[in-house]
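Here's the structure we're looking at; comments come further down.
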Amino acid sequence: MAVAIGGSRRATILNSLKPCPFCGSKNLGFSLKVFGRQRYKTSYHACIFCKSCNCYGRRTIISTDSRNLSDADKLDAEEKAIELWNKRVI
């Protein structure tokens, strides 16, 4: 699922990413996918990944009571994924 969120806040967030720990690339992306659905709840997992070597960072799980995430929820998920990417050991 491609996430398109405009604004200067997103640009600031993306500029705070560290390069890939394996290949050093700054060609990074954000992945947000449905992880599971229950009767009234949808869960998503979000993470940062390297487009050059396909390295994936730690995933964060987001749950919602609706079928779709709001733009604010998507931005929060992206911020959390970036925080996890930048906290890596390497």
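Quick note: residue numbers are just sequence positions, from 1. Computed from heavy atoms alone, side chains included, the values below leave out hydrogens, waters and symmetry copies.
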Inter-residue atom distance Cys55.SG - Trp85.CH2, 0.5 Å rounding: 4.0 Å
Cluster overlap Val34 with Phe30, hydrophobic side-chain contacts below 4.5 Å: yes
State, to 0.1 Å, how close Ala77 and Thr60 come at their nearest heavy-atom pair, and which atoms those are. O-CG2, 4.2 Å
What's the spacing between Ile82 CD1 and Cys47 SG if we round to 0.5 Å? 11.5 Å
Hey, what do you get for NZ (Lys87) to NZ (Lys18), rounding to the nearest 0.5 Å? 10.5 Å
Hey, what do you get for CG (Asn54) to CZ (Phe22), rounding to the nearest 0.5 Å? 12.0 Å
For a quick test of reading the model, state the closest non-hydrogen atom pair linking Ile61 to Ser43 and the distance between them. CG2-CB, 4.4 Å
Check whether Lys26 reaches the backbone of Leu17 with its side chain - one donor and one acceptor, N or O, closer than 3.5 Å. yes
Measure the CD-CG distance between Glu78 and Leu32 for me, rounded to the nearest 0.5 Å. 9.0 Å
Among Pro21, Pro19, Ser25, which residue satisfies the side chain to side chain contact (heavy atoms under 4.5 Å, CB included) criterion with Cys23? Ser25
Closest contact, heavy atoms only, Ala46 versus Ile62: CB-CD1, 3.9 Å
Can you tell me how far the NZ atom of Lys80 sits from the CZ atom of Arg58, to the nearest 0.5 Å? 7.5 Å
If you define the side chain from C-beta out and look only at heavy atoms, does anything of Cys20 sit under 4.5 Å from Ser52? no
